[in-house]
Amino acid sequence: MSVAELKKRHVAAMETVDALRERVKQKRQLLLDTDVKSYAKSQGTTPISFGSTDLVCCRTLLGHTGKVYSLDWTPERNRIVSVALDGRLIVWNALTSQKTHAIKLNCPWMRACAFAPNGQSVACGGLDSACSIFNLTSQVDKDGNIPIARVLTGHKGYVFSCQYVPDQETRLITGSGDHTCVLWDVTTGQRISVFGGELPSGHTADVLSVSINSSNSNMFVSGSCDATARLWDTRKASRAVQTFHGHGGDVNSVKFFPDGQRFGTGSDDGTCRLFDMRTGHQLQVYTRQHDANDNDVPIVTSIAFSISGRLFFAGYSNGDCYVWDTLVAEVVLNLGTLQNSHEGRISCLGLAADGSALCTGSWDKNLKIWAFGGHRKVI
Amino acid sequence: MAETADYSFAVEYHGPPLPYDIPKAIPIEIERIPVAAVAPPSASDAAEALPVVHPLTSPLRKAAPTPAVEHAAAAAAAAAASPTSVIENHAVMDGPDAEAGSSGLLGSSSCLDRSAELTEGGVESSGPVGSSLPDRISTESALSLEFDFRSSASENDDDDDDDDEGVAPHAKKALVTFQSSAQSSGSASPAVGLARQRREEFELRGKKGACYHCLKGSRFAEKEACLVCDAKYCSGCVLRAMGSMPEGRKCVSCIGFPVLESKRERLGKCSRMLRRLLSSPEIELAMKAEKNCEANQLRPEDIFVNGKKLTPEELVLLQNCSCPPPKLKPGYYWYDKVSGFWGKEGHKPHKIITAHLNVGGSLDSRASNGNTGIFINGREITKAELQMLKWAGVQCAGNPHFWLNADGTYQEEGQKNIKGQIWGKPIMKLLCPVLSLPTPTKAANSNGDEVIDMVRAIPDYLEQRTVQKMLLVGLHGSGTSTIIKQAKFLYRGVPFSNDERQDIKVIIQSNIYSYLAILLEGREMFEEESLAERRNSCQHCPSGNYESDDCNRVTDYSFSPRLRELSDWLLKVMASGNLDTSFPTYACEYAPLVEELWNDAAIQATYRRRSELLMLPITASYFLERVVDISRMEYEPSDKDILYADRITSSNGIACTDFSFGPLACDGHAIDGDQQDMLLRYQLIRIHTKGLGQNCKWLDMFEDIKIVLFCIALSDYDEYYEDPNGVLINKMIESKRLFENLVTHPTFEEMNFLLILNKFDLLEQKIDTSPLTICEWFSDFNPVVSRNQPSNTRNPNSGATMAQQAFHHIAVKFKRLFSSITGRRLYVTWTNGLAQDTVDAALRYGREILIWEEEKPIFGSSESIYSTEPSSYSN
């Protein structure tokens with residue numbers, strides 16, 4: 001068979017695939033009788049009301065001298081790790097707002113950081129295509145730096161995200177610019193499995209974000225520059241369990257819903273979406289009507305769900321941070337307009353494990369901790 | 001002219017000459033002050049007459065802390081408890097309305113007091129020389145300026161606050177003051193003003209000695225004071241008032257301001273109270289920040305040595321020499337560079353510091369205000385020193401002029417012979433303290449290696465400021481990694497450490513295996529090809545029988561079974577893509593076989609046809625010719641090997657190297673900017689375009705770079721690569737696409753671009769066989785072809801070779817493209833990655849551009865100085 005013939009066949013096959021995809025999409029549209037918003041409305045759900053003082057900035061963590069790119073909480077909710085463009089990884093005590101560790105990194109261009117479930121070590125990854133692990137309990141050297149405990153190398157592209165598997169100290173999942181996600185064994189530094197890459201069901205562009213299901217740590221979801229989110233099972237690295245289309249731009253952030261049955265995404269197209277794992281459907285689009293000039297839609301950089309999932313927080317590139325009511329799909333509060341809000345793009349945000357506080361990191365070099373007002377219970 | 005006549009009274013000054021240059025600064029400030037200072041007093045006069053101007057707003061601000069007194073205990077406990085508890089606390093404090101009646105009185109009184117403050121400020125500023133502060137005379141007027149801004153700002157603030165009283169009143173106020181004072185601070189130091197204002201503000205609120213935040217406690221309670229404004233906080237409030245202490249113990253509103261000189265001693269020394277509140281690593285980091293952050297350092301412009309302001313570099317030099325002046329404070333000093341004597345202006349020497357430091361101006365003869373008529377190194381010495389000289393046995397009759405060296409030897413001015421040693425007698429070390437004169441320490445005498453020490457000791461904050469970052473971008477194969485390697489060889493004493501060389505060795509060795517694998521693959525291909533040919537020819541001749549068929553199987557490219565084993569293994573490993581991981585274990589095992597393999601006739605035959613193997617890089621032959629040497633265990637890569645080797649810098653996504661241009665740069669400007677150059681470091685950052693993606697997702701991380709060096713291989717114009725969809729794309733067009741992408745990226749909006757056209761040597765080789773017009777973008781290339789012999793091509797129009805013309809054409813294309821997108825000028829240069837001098841020239845050109853760009857605003861529209869037409873080049 002000649003090359004030309006093969007190519008012709010390939011083109012024909014691709015066309016068929018596209019046509020089938022379109023049909024699936026249409027079929028889905030037909031089957032999708034409602035979305036979250038209209039169902040909630042029909043049930044008479046009203047949006048949660050927020051006063052301007054119900055969620056306030058109670059701590060400002062000053063100390064980075066560059067744009068903050070990533071943050072993570074410890075499970076015991078009192079410490080935060082952050083990395084910024086000043087080449088420092090800082091561990092904060094969220095209660096006193098003091099630094100407990102400030103580690104100077106070899107490579108200042110870091111994109112991701114994570115706390116281990118036991119709070120003893122932190123991981124960070126960035127443009128050096130590796131994920132560095134620091135053991136916080138280890139001895140500091142004469143410059144006050146903590147030596148790198150282990151470097152996870154093997155990615156062929158930049159590491160954009162990393163997260164520890166919640167119930168296993170030694171497992172870590174990274175998402176990288178080489179289109180793959182990797183499950184690592186931290187103690188040996190070896191790759192356990194690689195998700196995507198050569199596989200036909202893998203991402204076709206950089207993986208920007210990963211989120212591990214907290215109720216079933218074998219499942220994780222990844223968001224990518226190919227505008228899709230993919231669901232993976234760590235026990236079966238051979239193929240993606242499911243692919244979720246819908247976004248019109250890079251998926252910058254994915255986060256599991258607290259019940260582990262669905263997940264939210266935030267994208268370059270300025271929308272957040274809620275997808276359901278069981279049906280594979282998109283449940284709801286969260287978007288705000290913007291002014292006429294469409295090309296200036298602020299992109300969603302990061303999202304996080306409240307402890308119940310009723311609310312979720314979305315950081316935008318223009319410095320806004322919306323609090324969405326997940327059910328009625330309305331913005332109930334904009335942290336960007338509150339007192340003491342950030343002056344730059346919100347680059348990352350995360351909720352404390354008990355849901356009592358939200359931490360936001362911004363390009364204005366600061367991190368801020370927001371907490372619910374005293375008379376309001378955590379939702 | 002009429003205007004200058006009006007102001008001419010200012011020029012008339014007949015007083016004695018002042019040793020410092022205040023008269024210049026003051027008139028400027030006078031012009032500015034009356035506008036700001038006079039107006040507010042008149043406004044406040046009105047306020048004084050009518051206290052009802054802010055009847056609602058002021059009480060609120062003042063009243064808010066009052067309930068806080070009642071709940072202070074709760075607040076103190078809550079501060080350290082949890083993030084949420086703070087809010088609860090505010091909820092408790094929610095009702096200041098109850099206090100409204102009583103606070104009305106408070107408010108009006110505060111209004112009065114404020115106006116008093118204002119008039120005070122006005123009075124101070126109207127006197128041109130505020131003499132209350134000896135160290136900073138000219139700052140006084142700016143202080144009162146800042147003062148007015150602040151109070152007006154806080155009034156505005158009050159208006160805004162009406163609706164939401166639940167949010168921390170102190171923190172909010174702090175935010176506003178911080179911004180407004182930052183606006184007005186300018187060059188003068190507002191620290192002192194802040195301190196005084198904070199104290200005054202506080203004194204009207206609460207009793208003396210109480211905590212500034214909760215207004216509770218006596219003067220005996222343990223408190224921590226802000227280093228800038230001296231506000232004192234009790235243990236319950238200190239963390240809230242000082243936040244996360246990015247610059248140590250400062251109120252949130254004081255961050256960024258210089259510390260009080262009186263508190264400089266306490267920098268980095270932590271109080272017991274803080275130790276109790278915070279854990280030890282927290283304390284350690286806060287104190288480290290306090291000592292090392294830029295705002296807390298001595299400011300070089302406050303220190304005068306021999307009547308000249310220090311530059312930041314001179315201050316670093318002074319503080320990091322082996323024997324620095326002790327407890328340096330702002331002020332006027334004299335420094336004898338020859339002998340190392342150091343003292344306050346108008347006083348006898350205080351200390352002998354390291355000599356020969358290049359700081360400050362030249363020593364004045366009256367620097368120490370001596371009246372003995374005897375001079376040491378051009379300075380008239382004091383009586384105490386004269387006494388010392390007498391004790392040392394120096395002949396002082398006839399008011400001699402001495403040269404005193406750092407080692408204590410002295411000679412008379414204008415004479416060669418050394419007359420003696422001042423410190424020769426051991427008794428001198430005992431006698432000098434009696435006169436409170438300094439004696440030399442051991443460290444002061446060594447002065448040879450100062451400079452090297454100093455460079456190492458550059459503090460962190462300065463380093464961050466002085467690093468100029470250059471971003472090197474280019475498609476794969478454009479030679480960016482060669483350039484970064486060349487930069488290491490050029491500017492670093494030790495380009496590669498031993499560990500790095502070890503890694504490089506492994507990389508080169510595994511490279512050679514991959515080259516071999518490509519050859520083996522090629523061999524298989526050629527073998528099949530020739531077999532197929534034979535078969536074809538066999539079919540044509542019907543006489544073929546089985547025996548001849550057997551011998552036909554052996555071709556030029558056939559192998560012995562032993563080698564086939566190695567070949568199969570290597571190809572299998574390559575196919576699985578984990579050569580790097582499995583290589584070290586097999587390398588020793590197969591090393592002896594490599595020689596045999598290389599010498600095999602089949603491989604040699606394949607190697608001769610290497611031009612047909614597209615996968616084989618050009619540099620491969622450099623290594624393959626020496627494959628036997630390289631595959632040995634004891635092989636050590638030479639510099640040239642490192643330069644030629646692939647994958648050394650690209651193994652990681654990002655590579656960067658720090659360097660400073662050597663002293664070679666002494667051309668014109670570098671002479672006066674010598675010291676600056678020493679501190680100025682460059683960082684060359686090379687990023688991998690493979691990871692750039694379509695929308696350059698992470699380019700925003702490179703906002704702080706100064707220039708983009710965009711690298712293109714000149715030889716790309718007739719080369720193609722296959723994109724994922726199987727379409728052949730010209731590499732030059734691909735480079736152009738990437739270039740456009742970068743230039744239009746919002747992060748690089750105002751960025752300078754230097755286009756490096758690399759691999760000029762390859763262009764020269766191939767330009768004659770493969771015309772430039774092969775690339776459709778250059779289809780209008782119309783070289784001036786000289787019909788004469790090459791020896792005669794020196795005519796003015798076409799003095800350039802074909803390759804140079806091609807280079808110019810490509811450069812012009814890119815320049816036009818760049819200016820059509822940005823309207824600015826693109827800088828272009830050429831290099832030949834393997835030739836060190838061309839890379840050096842290109843990087844130095846990059847530095848020149850940075851310097852031009854810095855100077856541009858000074859010269860205004862200096863565009864015309866550097867010609868902007870597209871036909872100017874750097875070579």
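Proteins come first, then strands; the chains are lettered A, B, ... in the order of their sequence lines, and each starts at number 1. Because the structure is predicted, anything quoted here is derived from the model rather than measured.
- At a 4.5 Å heavy-atom cutoff, B/D704 makes no contact with chain A through either its backbone or its side chain.
- When heavy atoms are compared at a cutoff of 4.5 Å, A/D178 does not approach chain B at all.
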Before you tell me yes or no, could you show the steps for A/K67 and B/D700 under side chain to side chain contact (heavy atoms under 4.5 Å, CB included), namely the whole-Å CA-CA distance, both residues' side-chain angles and the distance that decides it to 0.1 Å?
CA-CA 10 Å; A/K67 295 172 181 174; B/D700 51 52; 4.2 Å; yes

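- Between A/K99 and B/L285, the closest heavy-atom pair is O-CD1, 3.5 Å.
- Annotation for B/E284: atom CD does not count as buried by contact number, only 12 or fewer foreign heavy atoms lying within 6.0 Å.
- In this structure the side chain of B/I687 never reaches within 4.5 angstrom of the side chain of A/W109, judged on heavy atoms.
- Here the closest non-hydrogen pair linking B/M701 and A/Y69 is CG-OH, 3.4 Å.
- For B/E247, no part sits under 4.5 Å from any heavy atom of chain A, backbone or side chain.
- With respect to A/Q98, the side chain to side chain contact (heavy atoms under 4.5 Å, CB included) criterion is satisfied by exactly one of B/L277, B/I283, B/L274, B/L239: B/L239.
- The two atoms that bring A/S97 and B/S244 nearest to each other are O-CB, 2.5 Å, heavy atoms only.
- Screening A/T65, A/T60, A/L61, A/L62 for a side chain to side chain contact (heavy atoms under 4.5 Å, CB included) involving B/P246 leaves a single residue, A/L62.
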